[in-house]
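Contents: one structure, followed by commentary.
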Amino acid sequence: MTDVVTQLVEPGVDAPEPSLLRLIREDIGCVRQRDPAARSEVETLLTYPGVHALIWHRIAHRLWRAGLRFPGRLVSWFGRFVSNVDIHPGARIGRRFFIDHGAGVVIGETAEIGDDVTLYHGVTLGGTSWSPGKRHPTLEDRVVVGAGAKILGPITLGRGTRVGANSVVIEGTPPEVTVVGIPARVVRRESTHRRMVGGIDLDHHLMPDPVGEAISVVLDRVEFLETRLSHMQKRLRDEAGQGRERARDDSRINIVEGEPS
């Protein structure tokens with residue numbers, strides 16, 4: 001029992017990592033950076049279900065890694081009961097992880113999450129196979145996943161990837177891209193000109209609209225063609241008018257030359 005308590009509080013022997021208390025302190029501290037509604041660390045600790053879920057998961061994961069699978073599952077179940085966030089105790093989660101609003105988030109057993117990752121409510125990191133082994137996604141550092149998005153299968157989302165709300169991601173992504181849609185597609189690659197908070201792009205609502213942009217290009221082209229057609233019609237009318245004037249002048253000359261002197 002002493003070994004279990006030691007492993008819960010102090011870094012592991014086979015996999016050096018920060019202590020449990022330090023991880024929880026970092027999890028609470030990062031909330032104020034990413035949520036302007038958070039006014040203090042005490043308030044965050046007492047009122048944020050995403051933080052509660054993460055605290056229970058940190059404990060359950062230590063138990064799971066120590067070989068205490070049933071106690072790990074039991075603690076994980078309790079965490080889900082009090083927070084409505086379902087995180088399997090086998091899931092590996094990095095530092096400064098933030099689940100905003102918490103409700104309805106599901107993270108599968110073999111999911112792996114890097115540092116400084118942010119999830120919003122309703123996100124699922126799910127599997128696509130009933131076979132054991134790696135079957136859940138991997139999220140690298142600084143990934144932001146919008147509300148309701150589903151990321152399915154043993155795919156990897158590159159660092160800094162942003163996933164639009166309600167998207168369904170079934171393929172891996174390169175770093176620093178934005179993906180939206182069902183299935184999700186890359187719609188923006190550059191990360192410049194974004195508002196960054198602690199190296200994390202939280203403007204997940206500023207998604208590009210590729211259909212709207214295509215329609216805008218078509219409308220600009222139509223306007224250009226209408227203007228060009230109008231100029232051509234005016235030039236043809238002017239040339240026709242000049243032709244009639246020349247015809248009248250020639251007719252007058254012929255009449256004058258045909259009169260008897």
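Not measured: the values here are computed from a predicted model.
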> Linking I/L/V/M/F/W/Y whenever their side-chain heavy atoms sit closer than 4.5 Å, directly or via other members, would L20 and V51 fall into one cluster?
Replying inline: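 Yes, one cluster joins them.
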>> Could you see if V179 belongs to whatever hydrophobic cluster contains I170? Use Ile, Leu, Val, Met, Phe, Trp, Tyr and a side-chain cutoff under 4.5 Å.
In response: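 In one cluster: no.
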> Are the side chain of S129 and the backbone N or O of S131 linked by a donor-acceptor pair below 3.5 Å?
Replying inline: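 Yes, because the side chain of S129 sits within donor-acceptor range (under 3.5 Å) of the backbone of S131.
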> Judged by atom type as modelled, is there a donor-acceptor pair below 3.5 Å linking the side chain of D115 to the main-chain atoms of R95?
Replying inline: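 The answer is yes, because a donor-acceptor pair under 3.5 Å joins these two groups.
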Any residue meeting ring-ring contact (aromatic ring centres under 6.0 Å, His included) with [X], in chain and number order, not counting sequence neighbours:
X    : result
F81  : W77
H52  : none
H136 : none

> Within a strict 4.5 Å, meaning less than it, do heavy atoms of the I99 and L54 side chains meet?
Replying inline: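 Result no, sub-4.5 Å side-chain heavy-atom pair not found.
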> Mind checking whether P49 and V82 have side chains closer than 4.5 Å, heavy atoms only?
Replying inline: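 Counting from C-beta outward, P49 and V82 never come under 4.5 Å.
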Mind checking salt bridge (Lys or Arg N to Asp or Glu O under 4.0 Å) for [X] and listing every partner two or more places apart, or none if nothing turns up?
X    : value
D250 : none
E245 : R248
E171 : none
E112 : K134

> Which residues satisfy the side-chain contact (heavy atoms from CB on, under 4.5 Å) test with Q233, sequence neighbours excluded?
Replying inline: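 Listed in chain order: L229, R237.
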> Can W56 and I59 be said to form a side-chain contact (heavy atoms from CB on, under 4.5 Å), step by step?
Replying inline: CA-CA 5 Å; W56 289 113; I59 298 172; 4.3 Å; yes
> With the threshold set at 4.0 Å, does a side-chain nitrogen-carboxylate oxygen contact exist between R80 and D86?
Replying inline: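 A salt bridge is present here (some side-chain N lies under 4.0 Å from a carboxylate O).
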>> Checking R135 against T110: is there a side-chain donor and acceptor pair closer than 3.5 Å?
In response: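 No pair is found: no donor N or O on one side chain lies under 3.5 Å from an acceptor on the other.
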> Which residue pairs pass the ring-ring contact (aromatic ring centres under 6.0 Å, His included) test with at least one member in residues 86-113, sequence neighbours excluded?
Replying inline: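 Every pair satisfying ring-ring contact (aromatic ring centres under 6.0 Å, His included) with a residue in residues 86-113: W64-H88, H101-H121.
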Distance-minimising heavy-atom pair for [X] and [Y]:
X    : Y    : answer
A184 : V169 : CB-CG2, 3.8 Å
A60  : S76  : CB-N, 3.9 Å
R96  : D27  : N-OD1, 3.4 Å
I107 : A91  : CG2-CB, 3.9 Å

> Is E223 atom CD crowded by more than 12 heavy atoms from other residues, nucleotides or ligands, each under 6.0 Å away?
Replying inline: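 Result for CD/E223: open.
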> Taking only residues at least two apart or on different chains, which pairs with a member in residues 66-79 satisfy salt bridge (charged side-chain N to carboxylate O under 4.0 Å, His left out)?
Replying inline: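 Applying salt bridge (charged side-chain N to carboxylate O under 4.0 Å, His left out) to every pair that reaches into residues 66-79, excluding sequence neighbours, yields nothing.
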Please tabulate, for side-chain N and O atoms in residues 39-48, each donor-acceptor pair with protein atoms closer than 3.5 Å (sequence neighbours left out).
unit_1 : atom_1 : unit_2 : atom_2 : d
R39    : NH1    : A37    : O      : 3.3
S40    : OG     : E43    : N      : 3.1
E43    : OE1    : R39    : N      : 3.2
T44    : OG1    : S40    : O      : 2.9
T47    : OG1    : E43    : O      : 2.6
Y48    : OH     : D35    : OD2    : 2.8
Y48    : OH     : A38    : N      : 3.4

> Can you name the residues that form a side chain to side chain donor-acceptor pair (under 3.5 Å) with R159, not counting sequence neighbours?
Replying inline: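 Result, side chain to side chain donor-acceptor pair (under 3.5 Å) vs R159: none returned.
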